[in-house]
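For reference, the structure is listed below as structure tokens.
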Amino acid sequence: MRWSQAFIPTLRDDPADAEAISHRLLVRGGYIRQLMAGAYSQLPLMIRVRSKVAKVIREEMDRIGGQEFLLPALHPAEVWQKSGRWEIMGDEMFRLRDRKDADLALGMTHEEIFGTLSLELRSYRDLPQFWYQIQTKFRDEPRPKGGVLRTREFTMKDSYSFDIDPAGLDASFQRHYEAYERIFARLGLDAVPVEASSGAMGGSDSIEFMVRSDSGEDEVVFCRSCGYAANMERATSRVEDIDDGVEHAGVEKFATPGVRTIGDLADFDGGAPGDHQIKTLVYILEGEPRLVLLRGDHPLVEQKLQDGTGAIEFRPAHPEEIRAALGADPGSLGAVGVKHIPILADLALAGRYNMVTGANDDDFHLRGVNVERDIEVSKWLDLREISDGESCFTCGSSLEVFKAIEVGHIFKLGTKYADAFGINVLDEAGEAQTVIMGSYGIGLERNIAAVVETHHDEKGIVWPVAIAPYSVAITVLRTDVPGSLEAGERLYEQCWNAGLETILDDRDDRPGVKFADAELVGIPFRVTVGPRGLESGVVEVQDRASGVTEAVALEGAVAHLSALIQR
RNA sequence: CGGGCUGUAGCGCAGCUUGGUAGCGCACCUGCUUUGGGAGCAGGGGGUCGCCGGUUCGAAUCCGGCCAGCCCGACCA
């Protein structure tokens, strides 16, 4: 490609609405343009990068025996109703009607469709099957952000495994795990596998691949010493022992006028610090109230509550509902003596006594509460959010919390969809066995953004060679000087002949402009061809990443570049 | 969905308080000079001022409604 003819609309200034580094650089570098919230046009450079990412993914999926499909993005409501997700997905699913007034949806994921196809599997001899596609997904995200990091329309490689038994699923899962590690390594991403919640998809052994980045939306809890790594939605830590002193014989009610928060009660004369309080939250799970108890200073992780209860419909109770349930307003809520509402308690409250909590009587609290003696806990769960510096559950070392981008997610679906769709095969004994599935996803644009987040400098993007839009930029200086452009063009031909993807910057522009563009766009190697060097038959080769420049004989330039790119 | 903010040329912005028919920088086009790190001079093109309505002789500017986008939170494979 000649730069003079290429559509690479680079910008000198950052777009005003871009926050994330990848967002800024991809817009400035002429890779993407926003059409609306959560929808981006992908320009020629972006398409080149994306097709290379896709190539890496295809190679690694094919390597473990994956077979590529392409399924419709447009789905009939029936398959989603069959799996029960027509309702579950709620507002996140784009829905539409066709001319016959039939309900349709734009696919957010493809378990239902692959599941439908898998009905044609007949025998255990056919298994395992690894099916994948690279397809557009539509999700009406409440809040798209970060440029291409979180959009409403994006490309995903999703794959699904089908096995006859759990051992088979374990093996399929493991193969995907390894394929994913290879994919991220080839993309230049340092992706940490972490334990995760499988959320609305249902499943177990959920593992997310996380790339550390301040632009990330997830938080990862990591232990340097033993390697424990988990999403905040799931992470646990060791709770330090707290001295509750001498146990009170009974519960004592006391007046706490104006006290509404944990902080108020900690400051209140006769109150108690947060770690000696019981925080009482009211949630509505599947339409029914539940009390959720945590230590006063511990935040709730809603995902843990959802995972722990299996609830699908799920929200904090409204003030009226709280008053109806407990007879008091938030600020004086408690679980002591509550029998009519199931109580879910965080494990950090186990064994605690001399605790303070609300009395279910406005402006009154209780002290001397022994959790296990005074509260009828229906279910103990891990519900609290851990924080940086707490001790690792397994090894006791200090835990680190960092922000990360979820670049991939693999999990075991089990028989959820197979049951819903009746997917089964005959086993060796000739008996029908329900097929057991796994699901594995990688978001292409998000991965590209993650690469930019982790591979850039003050001048622009620094692509790994494997996914750079071009490997080499030939920057011709003084296109007006006879011989300059011709030398560049010859080198350009030779590069392509040698299989090097090259762009020839033949624009009649100032050197600074051309250097800056090549750097912003992030081409790994730049060859500077100009009269100054040509006098002695020399061009300059610069490594984008290191900035190292070396003079190379024009004749040996292609071989030199090939060698650099092989490395 | 709650809170905050913004919509004026491709990008970044000023003008709005105090109404008089739109401007700056970059980018773009032409010419000349220039050219190893974002050139100079001269000339030029480009805008339904987000949309609809109202007030007014007159609205980018004032008023009302709507839409869109961004940020924080909620939410979210």
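None of these values were measured; they are calculated from a predicted model. Order of the sequence lines fixes the chain letters, A, B, ..., with proteins taken first and strands second; residue numbering starts at 1 for each chain.
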* Structure fact -> Taking B:G37, B:G36, B:G38 as options, the one with an atom nearest any side-chain atom of A:Thr528 is B:G36
* To do: Rounded to whole angstrom, note down the P distance from B:U6 over to B:A77.
  => 33 Å
* Asked: So does A:Gln303 get a side-chain nitrogen or oxygen closer than 4.0 Å to the phosphate oxygens (OP1/OP2) of B:C76?
  -> no
* Asked: Is the side chain of A:Lys514 donor-acceptor paired with the backbone N or O of A:Arg507 at a distance under 3.5 Å, no angle test?
  -> yes
* **Flag for A:Lys145-A:His23: side-chain donor and acceptor within less than 3.5 Å** => no
* Which value, in whole Å, describes the distance between the C1' atoms of nucleotides B:G20 and B:C5? -> 30 Å
Provide a list of protein-nucleic acid N or O atom pairs under 3.5 angstrom, restricted to nucleotides 7-16 of chain B.
unit_1	atom_1	unit_2	atom_2	d
B:G12	OP1	A:Ala16	N	2.9

* Asked: Roughly how far apart, to the nearest Å, are B:G47 and B:A22 at atom C1'?
  -> 9 Å
* May I ask which nucleotide in the shown strands pairs with B:U30, Watson-Crick or G-U wobble, both distances under 3.5 Å? => B:A42
* B:U8 and B:G15: how far apart are their P atoms, nearest whole angstrom? -> 14 Å
* To do: Anything under 30° is parallel, anything over 60° is perpendicular, the rest tilted; go ahead and classify A:Phe209 against A:Phe184.
  => tilted
* Asked: Hey, does the side chain of A:Asp388 reach the backbone of A:Val401 with a donor-acceptor pair shorter than 3.5 angstrom?
  -> yes
* Structure fact -> side-chain hydrogen bond (donor to acceptor under 3.5 Å, both in side chains) filter on A:Arg58, not counting sequence neighbours, yields A:Glu68
* Asked: Between the base of B:G36 and the side chain of A:Arg526, is there any donor-acceptor pair under 3.5 Å?
  -> no
* **A:Ala37 or A:Glu233, whichever maps to the more 5' nucleotide of RNA chain B** => A:Ala37
* Asked: How does protein contact run along nucleotides 28-35 of chain B, one letter per nucleotide 5' to 3', with B for base contact, S for sugar-phosphate only, - for none, heavy atoms under 4.0 Å?
  -> ------BB
* **Under 4.0 angstrom between A:Lys459 side-chain N/O and B:G38 OP1 or OP2** => no
* **Any N/O donor-acceptor pair, A:Glu519 side-chain to B:G37 base, under 3.5 Å** => yes
* Span that lies between the P atom of B:G38 and that of B:C72, in whole angstrom -> 35 Å
